[in-house]
Engineer: 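Take this structure, written in structure tokens, and hold onto it; I'll ask about it next.
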Amino acid sequence: MEVGIVSYGAYVPRYRITPQEIGRVWGSDGEAMSKGLMIYSKSVPSPDEDVITIAVEAARNMMRRVPEIDPKDIGALYTGSESHPYAVKPSGTIVAEAIGCSPNMTVADYEFACKAGTAAIQNCMGLVGAGMVKYAVAIGADTSQGAPGDPLEYSASAGGAAFLIGAKDVIATINHTASFTTDTPDFWRREGQDYPSHGGRFTGEPAYFKHVTSGAKLVFKNMGSQASDYQYAVFHQPNGKFPQRVAKMLGFTDKQIEVGLLTPQIGNTYSGAVPLGLSAVLDVAEPGERIFVVAYGSGAGSDGFDITVTDNIKRFNRLAAPLVSHYVNDRVVIDYATYAKFRGKIRVKEEVA
Amino acid sequence: MRDVAVIGIGDTKFGELWDLSFRDIGIQAGLAAVEDAKLVAEEIDALYVGNMSAGRFIDQEHVAALIADYSGLARDNTPATRIEAAGASGGLALREGYLAVASGMHDIVVVGGAEKMTDVGDVLATEIQSSAADQQWEVVFGATFPALHAMIARRHMHEYGTTREQIAQVAVKNHRHGALNPKAQFQREIELASVLKAPPVAEPLGVFDCAPFSDGAAAVVLCSMEKARRYTDAPIRIAASAQASDTLALHTRQDITSFRATQVAAREAFKRARKEPKDVQLAEVHDNFTISEILAIEDLGFFPKGQGGRATMEGETALGGKLAVNTSGGLKARGDPIGATGVAQIVELVQQLRGTAGKRQVPGAKVGMAQNVGGTGATVVVTILEVV
């Protein structure tokens, strides 16, 4: 059975902090950091935002675009994140209640570093494709943190997107998906640790580049396609430079990745990164246009997708919810002190916390 | 004392060898050296391994036994000894192997050096590297290895008018040499301007003034000269091996613009080899920082004190110059897997003296010198090799 995207919705917190401001506090060259990472600002969640609120916003935006669909027809909801607010207790149950699709359905939370959201899409494709459910929701969202002063602090940000996967009236058909997975520990956080650890330069060649190119080549091979067959490409974007370099390695042009490259403006939204990039492409894509997607998750693996936009996108009410560009441009720049307060980096008495 | 020859060499590529473990690289280099010497395991009398800090880099001590085990030497119960003298571990392992053969105790020994540095992050790696300095009187007050060398550089600039550009030229030259070495970590040439504008590490030293963190191993086979001809037509003679110590901490020295231990070891080495600086065509010196190479070429007696920077700037130490220094790329471009470095210097010299150094061959090389430094000059080993 052909499956695809029936609707989608995105959300990015409004607050931003610049690398220059982070560098000012830590005595580092923020300007050089900004240039090196190609990140000009990163999103910061406000104190009352977390993965669940972001996932709810994105899922509600997704549902606003398809008012004709009864939420009760959604049989599964999977939320992928590496910053679920609870260690034990699902994020997804709250999201399911918020969009009114519970209780006769299944929910689970996923974790695979930055590709948990696309892993959720694959699972939804399976359930829909097998006829077990009519619709399924896949969400990728994160409120990631780097340790104060760590290079990661310049990029780790917040945001997410939700996809309604179905077999009928799809606005984009998912022609194929393929994954490439190995045990490559480039980035990790153990139970009880506040901040993740990373392998420095090891996160590049043997991790991101090896897995993204291998996943991409699998899709090329299985589909008999090449870079020039696609109008758009979206790659995982831990910074602005990596996706540019990997695109070039695979034969894509800067123009093909331009629309889906959001990290320079909002930072690395981790599980939200590829879902948001794909949402930005769906915001503007025309019928017949083909989208190439490769998500990357540390640990490590990649999920590749080959997607074609259908004629249904013309009837689809994209403007029933804010476009990704709205969230990217709706920004309030804050200083490090406010950022530290928002992110709980300042210890306060519990009564006022 | 008997004459001792190098009859086999082997090494790994230096760099971020993320898919190889400590034992992998140790064995790779060792086997290459043994194969080069056309030996079988039973002929090896002893193994010496230079390693600075496997205990902290990979949580493994007792690495000589490890290498003996995984290279099959434990089967024959061959004695294996680890030698540690920080950056001079490799050079000192060579010296111990040399003494064992020269004394008549052993006929054939394998000397290896290995370090696996990239399993830990940069901050921890710098901390481990800095443990070669005096923990109680230097490191505890915040001195890192780059900082101590920055002080040496500043003083050298002050005393002798050495310029920032002259110091930077060491990196430019060694990268040019490294570009000719397929085993080097950095095989790319760099411009003087890039060195000067690189982010500071400890001023005046920037990123391009510091040798990288590296994984790598190197090994040589030593044999008594009387037996050497059985294995090779081109034995390379160890004409001299000398070692000297100095105070551990920099602040207890009379002068920090020279390494006294280098001067003493060089003087003894030249005396033992019955040679003078002008007899030497090439030298592998311990350029863990650019300034270190300037100190080395002065202290070894190749250039008058204070002239090292000028000589470097004028190309006298480049391939084709008066004395080819660090044709391998040196620690700067070839890489600096600490325990391997002193042995890798010997591997380079042997290649040059055999005339098999390819694009970086020094024409007519007959005598080569290696200078291997531990800490900020507290241990120095100087070795002279020559074509027989």
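Residue numbering restarts at 1 for every chain, and letters A, B, ... go by the order of the sequence lines.
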Engineer: Please check if atom OH in A/Y195 has more than 12 non-hydrogen atoms from other residues, nucleotides or ligands closer than 6.0 Å.
Structural biologist: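 Check passes, neighbour count above 12.
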Engineer: Please determine whether the number of non-hydrogen atoms from other residues, nucleotides or ligands lying under 6.0 Å from atom CZ of A/R343 exceeds 12.
Structural biologist: yes
Engineer: Count the heavy atoms belonging to other residues, nucleotides or ligands that lie under 6.0 Å from NZ of A/K241, then report whether that count exceeds 12.
Structural biologist: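 Counting other residues, nucleotides and ligands, NZ of A/K241 exceeds 12 neighbours.
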Engineer: To the nearest 0.5 Å, how far apart are OG1 in A/T184 and CH2 in B/W18?
Structural biologist: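 Going from OG1 on A/T184 over to CH2 on B/W18, the span is 12.0 Å.
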Engineer: In this structure, are over 12 heavy atoms from other groups packed under 6.0 Å from A/W188 atom CH2?
Structural biologist: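 Yes, because the 6.0 Å sphere around CH2 of A/W188 holds more than 12 heavy atoms from other groups.
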Engineer: Just wondering, more than 12 heavy atoms not from B/E61 lying within 6.0 Å of its CD?
Structural biologist: yes
Engineer: Please enumerate all residues that pass ring pair (Phe, Tyr, Trp, His ring centres under 6.0 Å) together with A/F112, with sequence neighbours excluded.
Structural biologist: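 Per chain and number, A/F112 pairs via ring pair (Phe, Tyr, Trp, His ring centres under 6.0 Å) with no residue.
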Engineer: For chain B, which residues from residues 21-42 of chain A have at least one heavy atom closer than 4.5 Å to it?
Structural biologist: none
